[in-house]
Amino acid sequence: MIKLTFVCTGNTCRSIMAERICKKKIKPKKDIKVASRGINALGDNISENAKLALKKLGYSSINRKSVKLTKPKNDILYVTMTDVQKMAIKETKVISAKDLIGEDIQDPYGKDLDCYISTAKQIEKMVEVLLSKILTWRG
C-alpha cells in the first residue's frame, strides 16, 4: 500500500484539489491511499472557486473541512505544492511540485475562477507525473 498526502498551506485549495484529482486518476488502483493536509489549516471549508474548478474539470466538488498536518509519519509520501512547504515538513519522504514538474503550484486563494482552473490543470500535470513515477518505482 502506498500512502500519499498532498500538502499546502491551508488545505482549502491546492492540496484538496490535488487529492480529488489524484483519487479520480487512481480509481482502479486500490493499493494507493490519498489524503491532503494543510500546514496552517484551520478547519475551513474547501474554497468555493476550488469546488467550481473541480466540478468544471470533472472531479468531486463536495464540501470538506480543512485538516491540519500533524506530526509526519514515515510510511507516507508527502507531496507539497511548494519547495518552502517541503522544507517546513523536514521529512525524508517529501517531494515538491517543483521536483515533479519544475515549478511550484502557486496559491490561487482569493483569486478568480480562471486562476483556480489554471491551478487545477497545473495540479493535473503534477499528479500525472507523480503517478507515472510511482509506477516506475514499483517496477
- [ ] Quick one: name the residues clustered hydrophobically with Ile62, using the 4.5 Å side-chain heavy-atom rule over I, L, V, M, F, W, Y, and just say none if it's on its own.
- [x] none
Open item on the list: If hydrophobic clusters are built by linking Ile, Leu, Val, Met, Phe, Trp and Tyr wherever their side-chain heavy atoms come under 4.5 Å apart, do Leu57 and Ile21 end up in the same one?
Closed with: yes
TODO: Drop me the distance from Ser66's OG to Leu42's CG, to the nearest 0.5 angstrom.
DONE: 6.0 Å
- [ ] Find the distance between CZ (Phe6) and CE (Met17) and round it off to the nearest 0.5 Å.
- [x] 12.0 Å
Open item on the list: Show me the pairs that pass side chain to side chain donor-acceptor pair (under 3.5 Å) and involve residues 100-109, at least two apart or across chains.
Closed with: Glu103-Gln122
TODO: May I have all residue pairs that pass salt bridge (Lys or Arg N to Asp or Glu O under 4.0 Å) and include part of residues 116-132, sequence neighbours excluded?
DONE: Lys25-Glu128
- [ ] Look up atom CG in Asp112 and atom OG in Ser118, then write down how far apart they are to the nearest 0.5 Å.
- [x] 10.0 Å
Open item on the list: With rounding to the nearest 0.5 angstrom, report the CE to SG distance, Met81 to Cys13.
Closed with: 11.5 Å
Open item on the list: Which residues pass the salt bridge (charged side-chain N to carboxylate O under 4.0 Å, His left out) test with Lys86, not counting sequence neighbours?
Closed with: Asp99
Open item on the list: Walk me through whether Lys56 and Ile117 qualify under side-chain contact (heavy atoms from CB on, under 4.5 Å).
Closed with: CA-CA 8 Å; Lys56 184 169 180 134; Ile117 291 170; 3.4 Å; yes
- [ ] Determine, using the 4.5 Å side-chain heavy-atom cutoff (strictly less than), whether Ile95 and Val129 are members of one ILVMFWY cluster.
- [x] yes
Open item on the list: Using the side chain to side chain donor-acceptor pair (under 3.5 Å) criterion, which residues pair with Thr119? Sequence neighbours excluded.
Closed with: none
Task: Residue pairs fulfilling salt bridge (Lys or Arg N to Asp or Glu O under 4.0 Å) with at least one residue in residues 63-74, sequence neighbours excluded - done: Glu19-Arg64
Open item on the list: To the nearest 0.5 Å, what is the distance between CD1 on Ile101 and CD1 on Ile123?
Closed with: 9.0 Å
Open item on the list: Among residues at least two apart in sequence or on other chains, which ones pass side chain to side chain contact (heavy atoms under 4.5 Å, CB included) with Leu52?
Closed with: Asn49, Leu113
Task: Considering all heavy atoms, the nearest Cys22-Val34 contact - done: SG-CG2, 3.8 Å
Task: Interatomic spacing from CD1 in Ile89 to OG1 in Thr80 - rounded to 0.5 Å - done: 6.0 Å
Task: Over 12 non-hydrogen atoms of neighbours within 6.0 angstrom of CG in Asn74 - done: no
Open item on the list: List the residues meeting side chain to side chain donor-acceptor pair (under 3.5 Å) with Asp83, not counting sequence neighbours, and say none if there are none.
Closed with: Ser96
Task: Residue pair Ile2, Asp31: steps toward the side-chain contact (heavy atoms from CB on, under 4.5 Å) verdict - done: CA-CA 6 Å; Ile2 294 174; Asp31 61 338; 5.8 Å; no
- [ ] Using side chain to side chain contact (heavy atoms under 4.5 Å, CB included) as the criterion, list what pairs up with Thr5, not counting sequence neighbours.
- [x] Val7, Ala35, Arg37, Ile76, Tyr78
Task: Side-chain donor or acceptor of Arg20 paired with backbone N/O of Ser60 under 3.5 Å - done: yes
- [ ] State plainly whether one hydrophobic cluster holds both Leu54 and Leu131, where clusters connect Ile, Leu, Val, Met, Phe, Trp and Tyr through side-chain heavy atoms under 4.5 angstrom apart.
- [x] yes
Task: Full working for side-chain contact (heavy atoms from CB on, under 4.5 Å) between Ile32 and Met1 - done: CA-CA 6 Å; Ile32 301 175; Met1 166 79 60; 5.9 Å; no
- [ ] Check Ile105 against Arg14 and note the closest heavy-atom contact, atom names and distance.
- [x] O-NH1, 2.7 Å
Task: ILVMFWY cluster, Tyr116 and Tyr59 together (side-chain gap under 4.5 Å) - done: yes
Task: Residues forming a side chain to side chain donor-acceptor pair (under 3.5 Å) with Asp75, sequence neighbours excluded - done: Lys3
Open item on the list: Would you say that Leu130 contacts Leu4 through its side chain, given a criterion of any heavy-atom pair below 4.5 Å between the two side chains?
Closed with: yes
Open item on the list: In the structure I gave you, are the side-chain heavy atoms of Gln85 and Cys8 within less than 4.5 Å of one another anywhere?
Closed with: yes
Open item on the list: Using the side chain to side chain donor-acceptor pair (under 3.5 Å) criterion, which residues pair with Asn63? Sequence neighbours excluded.
Closed with: Lys51
Open item on the list: Could you check whether any side-chain heavy atom of Val94 comes within less than 4.5 Å of a side-chain heavy atom of Met87, counting everything from C-beta outward?
Closed with: no
- [ ] Please list, chain by chain and in numerical order, all residues satisfying side chain to side chain contact (heavy atoms under 4.5 Å, CB included) with Lys55, sequence neighbours excluded.
- [x] Ser61
- [ ] Verify the distance criterion only: is there a donor paired with an acceptor across the side chains of Asn11 and Ser36 at less than 3.5 Å?
- [x] yes
Open item on the list: Assess the residue pair Ile46 and Thr12 against the criterion (side-chain contact (heavy atoms from CB on, under 4.5 Å)); give the C-alpha distance rounded to whole Å, side-chain angles, the decisive distance to 0.1 Å, and a yes or no.
Closed with: CA-CA 4 Å; Ile46 183 174; Thr12 59; 5.5 Å; no
